[in-house]
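As structure tokens, the structure follows; a few thoughts come after it.
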Amino acid sequence: MTWRWSNFMNPRKFFEGLAREKIEKLAAELQIKDPLIIYKPNPKFGDLVWDTQKLKQDIPSENIEKLNDENIRFQKAGKFVNIVFNPEKYSRMVLDFINSGEFKKVEGGPKYLIEHTSANPTGPLHIGRARNSIIGDTVARILRRLGNNVRVEYYMNDIGTQVEALLIGMEIFPDLPYTEAYRRVYENIEQYKARIEEYMLRAETGDREFLKATRSKLEKLLEDVLKDLYSIGIKFDGFVWESDFILNGDVKMVLDKLEPYLKDENGAKYIEYNNDKIYLKRSNGTSLYFTRDIAYHIYKSKNFDVPVDVLGEDHKLHFQNLAYVLKLLGIENIKVIFYSYVITKEGKMSTRRGNVIYLRDLLEESVRMAEDEVKKRHPDLDEESIKSLATKIGYSAIRYNIIRYSPEKPITFTWEDALNFEGESAPFIMYSYARSNSILNKTESLHRGDNKFVEREVELIKKMGEYTEILEEAGRSYRPDKLARFSYELASIFNQFYRDCPVLKDPENRDRRLEIVKAFNLILKDAMDTLGLEITEKL
RNA sequence: GGGCCCGUGGCCUAGCCUGGAUAAGGCACUGGCCUUCUAAGCCAGUAAUCCCGGGUUCAAAUCCCGGCGGGCCCGCCA
């Protein structure tokens, strides 16, 4: 499998290629041996800059001037050579690239497996967990958009202390909500130790009847978690049950394969690493979560080119150990995205402190706020339309406000920020989209316009021209926030264009500007789909 | 004690990987813009010792070392 990150040839890369060719030729003529430093500067200087500060020799102005042609202008500015693409030619190429649909073309890439969320269903998701889901889902969408084959899995814990405590809780307190029943057992774990151990032993020795019963109970609870995720557009391609790796013998296989590295301690088995002990087997013969996770990752590695885990920062050590043991088995293709916690002003969310914020509550509040706004703006709208619009806005706002931060950045949750509908937010982006839509809806057909692009138009077009590269970068680095930010910036530039450049009321410029609005509409919709934001034709 | 992450205007964030021209946005605040394609918008303004100290370099928010502050982890739990 070949790795291709540059799926897209695009106009910007094409022009950059032209510029580089010229500079390389000049460098050869002048016998410059040092590497050529060419990068994207602050846009006010140009589209590219050739930075000659490191060169010992000065490049004479005459040589620079000779580089100019109808496509690209080179201009010496001290130790920099500013490079400007011909705005008419470049803009035209970008517009055609987008409006022809070319920008959507991708080539097939490697097979990805994204595992995300994988929470024990001991209660509804809180926003910290939701961050995992939203990051995982958005990364999956980006990778798919780039043409890769992507499968998304939820790893379902049906073995272990927490799960047994949950089951026992529901048995002992059948009348309590299951979250509360679980908490009563888990918080008094000493009291129920014997029973938990008995259940764990049955599960880990592969008691099929027991496991079957466990699963059917957990499946019902899982639905409660998934309901919230489905509502914001997050779906899974499959659910992997932890106990399967015991039933199918993989856990035993892992222990056999690792035998040469295992050390014994009263019957328990461990691997030494960094002066630490990684346990794989208890003295009572049962396996540990770690061991089952190794089995899961062997399955991932065998069936996919690039398995990706989405994990909270609290799992860093676990993953480091996992990577070490997998390496012993010759497995090195596992990638991981770590994200930091969502905390509140009172610190870490905890049930005891009573500062847990559940995703569903946040969504509900967000929709309620959106509803107020919609009613204000469209007093004549019927109840059903209001509800539908408010739901899209409310849900998108939450997704956006979680995805816009880079994953490793800790988020301090405030209702004010989470429910911000202005500035860098989903409603802002949706609003710009709706504006472009309303222009397009008032026209019957699009005609090819002239190439007399004005500055404001060129600025917008250049931003659109960056889209495919932003997608690649977001996918390559697992940074969905880069796409989120780009979408906002693009929408923001469109709003400036909207103010300065009348489209329908200006017959001189109408055709050309309609092309621009159409291109913007296509790009932004594509970006919103990829981010999992709802599309609203009107707002 | 050890390991990892974060530290950028009053608040939040981008830029750091791959060092380069006056550090870029949002929120908040102040003032302005709806008889013209949607004002969830736009324009202007106030506001930053880029945590501190060294080092490397012609050049450091960015790289290296040492601190400080905050977070996470260090279980025969998951």
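Reminder, nothing fancy here: chain letters follow the sequence lines and each chain counts from 1.
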Would you mind classifying the nucleic acid contact of [X] as base, sugar-phosphate or nothing, using non-hydrogen atoms under 4.0 angstrom?
X: A/F80; value: base
X: A/V342; value: nothing
X: A/K348; value: sugar-phosphate

Distance check, [atom1] atoms only: [N] and [M], in whole angstrom units.
N: B/rU18; M: B/rC65; atom1: P; answer: 15 Å
N: B/rA48; M: B/rG15; atom1: C1'; answer: 15 Å
N: B/rC68; M: B/rC12; atom1: P; answer: 23 Å
N: B/rC51; M: B/rG69; atom1: P; answer: 16 Å
N: B/rC11; M: B/rC74; atom1: P; answer: 32 Å
N: B/rC50; M: B/rA61; atom1: C1'; answer: 5 Å
N: B/rU8; M: B/rG3; atom1: C1'; answer: 26 Å

B/rU56 - base-pair partner by Watson-Crick or wobble geometry, distances under 3.5 Å =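 B/rU56 is unpaired by these criteria.
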Could you check which nucleotide pairs with B/rC77 in any of the strands shown, counting Watson-Crick or G-U wobble with both distances under 3.5 Å?
->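 B/rC77 is paired with nothing.
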List, with names and distances, any nitrogen or oxygen atoms from the protein found under 3.5 Å away from nitrogen or oxygen atoms belonging to nucleotides 2-11 of chain B.
residue : atom : partner : partner atom : Å
B/rC4   : O2'  : A/K316  : NZ           : 3.0
B/rC5   : O4'  : A/K316  : NZ           : 3.1
B/rC6   : OP1  : A/E408  : OE2          : 3.0
B/rG7   : OP1  : A/K409  : NZ           : 2.9

Hey, can you pull the residues of residues 504-513 of chain A with a non-hydrogen atom under 4.0 angstrom from RNA chain B?
->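 Within residues 504-513 of chain A, the residues near RNA chain B are A/L504, A/K505.
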Using the 3.5 Å cut-off, write out each protein N or O paired with an N or O of nucleotides 75-78 of chain B and the distance between them.
residue : atom : partner : partner atom : Å
B/rC76  : O2   : A/S283  : N            : 2.8
B/rC76  : O2   : A/S283  : OG           : 3.0
B/rC76  : N3   : A/S283  : OG           : 2.5
B/rC76  : N4   : A/E265  : O            : 3.3
B/rC77  : OP2  : A/R282  : NE           : 2.7
B/rC77  : OP2  : A/R282  : NH2          : 2.9
B/rC77  : O2'  : A/T161  : OG1          : 2.7
B/rA78  : OP1  : A/R282  : NH2          : 3.0
B/rA78  : OP2  : A/Y289  : N            : 3.0
B/rA78  : O3'  : A/N157  : OD1          : 2.2
B/rA78  : O3'  : A/N157  : ND2          : 3.0

